[in-house]
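Heads up: the structure comes next, in C-alpha cells.
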Amino acid sequence: MRAALAVAVLVYSAVTSALLRDTMAPLVIVKLGGSAITRKATHATLNEAGLAGVVSAVRAAVDGAARVCVVHGAGSFGHMEASEYGIAAGTAHPEWRTGFARTRQQVTRLNHLVVGAFLDAGLPAVGCSPYPATSTAAPQVLAEAGGAALAQAATAALEAGLVPVFHGDAVLDASQGCSILSGDTLTQVLSERLKPTCCVFVADVDGVYDRPPADPGAVLLRDIRVGADGKLSTRVVTRNDHAHDVTGGLEAKIAAAAAVGVATGAPVHVVKAGSEACAEAVAGSLRPSGGTTIAAAGAGG
Ligand code: IPE
C-alpha cells in the first residue's frame with residue numbers, strides 16, 4: 001500500500017514537473033537555412049560566421065531555459081550531388097544509388113560539422129538523421145510512421161535535456177523510389193507535432209522582402225499574415241539564384257513557413273543569422289525587434 005502511494009506520488013510529481021516545464025520553458029524549433037550556415041556557391045564550404053552567430057543564439061536561449069530543436073538544410077553540402085543524380089525526382093538516373101549515397105554523405109558531413117560547433121559551445125547537441133527511420137509517401141510527404149518517429153525522437157531528446165539537430169536528407173520514397181526530404185518539410189512536420197512556442201527560419205538576409213533583397217527599392221516585410229488557404233497577405237516576388245537548389249528555393253521556403261504558421265497557430269520568424277532579432281527569436285520571443293513574422297490570419301500578436 002505504502003509502495004503504491006510512493007509510486008503514485010513519484011508519477012504525479014514527474015507529470016507535474018513535465019507540465020510545468022512545458023508551460024514555463026519556451027520550445028523553439030529553429031531551421032538553419034543552408035544559405036545561412038554554408039557558402040552556397042562553393043561546394044561543401046561552411047559559412048563559419050553564420051554558423052557561429054546561430055550557435056551563440058542557441059547557447060543564450062538554452063542558458064535562458066528555452067528548449068531548442070534544431071533542423072538544418074544542405075546548402076553547398078548535398079544540393080549539388082542531389083541535382084547531379086536527379087535524386088529529388090526519383091530513380092531514373094542509372095547511377096541514382098551512388099547519387100543517393102553521396103548526397104547523404106554530404107548532408108551527414110554537414111550535420112557532423114554543425115553538431116561539432118554546438119559541442120564546442122558547450123551544448124549537448126545530438127545529430128538526428130531522417131534516413132533510414134523515415135521515408136516519404138510522395139516527395140515532401142512523410143509517411144505517417146516516419147512523422148511520428150521524428151517527433152518521438154525530438155521529444156525524447158528534449159526531455160533528456162539534449163539539443164536534437166536534424167537535417168534535410170535523401171530518403172526512400174514509396175511513389176518514386178527515392179526523394180529529397182527538405183529541412184523545411186521536417187520543420188513543418190516537427191512543428192505540427194511538437195506545437196512549439198514559435199518557429200524560426202534563420203537566413204542570410206534580414207527577413208522576407210517584397211522582391212529579391214538585392215533589387216533596388218526592396219522593402220523588408222515585418223509582418224505577413226497567412227489565410228487558411230495558405231495565401232499570403234502581401235505579394236512576395238522571389239527569384240531562385242541557386243541553380244542547384246533541388247527543393248524549390250525561397251518560394252518553397254516561404255510556403256513551408258506559412259504552412260507552419262497555419263498548422264500550429266504559432267508565429268514563424270524569418271531572421272538573419274547573428275542578428276539581434278535572431279537571438280530574440282531563438283529564445284522564444286513572439287515579437288523579435290527585427291526580421292519578418294509570419295502568422296496565421298486571426299492569430300494573436
Ligand atoms: C535539402 O534541405 C536537403 C538535401 C539533401 C539537398 P533544404 O532544402 O532544407 O536545404 P537548404 O536550406 O535549402 O540548403
Side-chain angles (χ1 to χ4, degrees), residues 29-47 50-51 54 69-90 93 96-114 127-132 134-136 139-142 146 150 165-173 176-191 199-205 208 238-257 259-260 268 270-273 278:
I29 299 185
V30 181
K31 158 77 199 291
L32 312 181
S35 59
I37 58 166
T38 76
R39 303 211 173 275
K40 268 199 139 173
T42 318
H43 186 238
T45 310
L46 269 186
N47 176 345
L51 181 56
V54 171
C69 175
V70 177
V71 180
H72 65 78
S76 57
F77 294 73
H79 274 288
M80 290 173 197
E81 288 73 11
S83 157
E84 185 183 343
Y85 293 89
I87 300 305
H93 192 291
W96 73 268
R97 292 178 184 84
T98 303
F100 184 89
R102 286 187 54 197
T103 303
R104 292 219 68 248
Q105 184 198 28
Q106 288 299 328
V107 289
T108 52
R109 204 176 138 210
L110 176 59
N111 187 252
H112 191 82
L113 294 170
V114 172
C128 302
S129 289
Y131 176 87
T134 306
S135 60
T136 43
Q140 308 300 346
V141 180
L142 278 190
L150 282 173
V165 183
F166 291 87
H167 59 86
D169 208 350
V171 292
L172 297 179
D173 179 281
Q176 57 174 38
C178 69
S179 74
I180 293 295
L181 175 63
S182 76
D184 300 321
T185 300
L186 274 175
T187 303
Q188 191 177 331
V189 169
L190 286 169
S191 300
C199 183
V200 185
F201 284 75
V202 181
D204 61 342
V205 290
V208 179
T238 59
R239 182 175 61 219
N240 191 356
D241 288 334
H242 298 284
H244 291 295
D245 197 318
V246 295
T247 46
L250 185 62
E251 205 171 316
K253 287 177 196 318
I254 296 172
V260 171
V268 180
V270 183
V271 292
K272 183 174 182 167
C278 175

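In each ligand, atom 1 is the first atom listed, and ligand 1 is the first ligand listed. No experiment lies behind these values; they were computed from the predicted model shown.
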Looking at ligand 1, would Lys253 count as a contact under a 4.0 Å heavy-atom criterion? yes
Give the atom numbers and elements of ligand 1 that come within less than 4.0 Å of a heavy atom of Val107. 5 (C)
Report, in ascending order of atom number, the atoms of ligand 1 lying under 4.0 Å from any heavy atom of Gly33. 12 (O)
Using heavy-atom distances, let me know which of Leu181, Ile180, Leu32 sits nearest atom 4 (C) of ligand 1. Ile180
Under 4.0 angstrom from ligand 1, any heavy atom of Lys40? yes
So, using side chain to side chain donor-acceptor pair (under 3.5 Å) as the criterion, who are the partners of Asn47 when residues are at least two apart? none
For atom 10 (O) of ligand 1, what is the closest protein heavy atom, and at what distance to 0.1 Å? Ala74 N, 3.0 Å
Closest heavy-atom approach to atom 6 (C) of ligand 1 among Gln140, His167, Glu81, His79 is made by His79
Against ligand 1, does Gln106 come closer than 4.0 Å with any heavy atom? no
How long is the gap from OG1 on Thr38 to CG on Leu113, to the nearest 0.5 Å? 11.0 Å
Using a 4.0 Å cut-off to any heavy atom of Lys31, which atoms of ligand 1 qualify? 9 (O), 12 (O)
For ligand 1, indicate whether the residue Thr103 contacts it via side chain, backbone, both or neither (heavy-atom separation under 4.0 Å). side chain
Who passes ring-ring contact (aromatic ring centres under 6.0 Å, His included) against Tyr85, sequence neighbours left out? His93
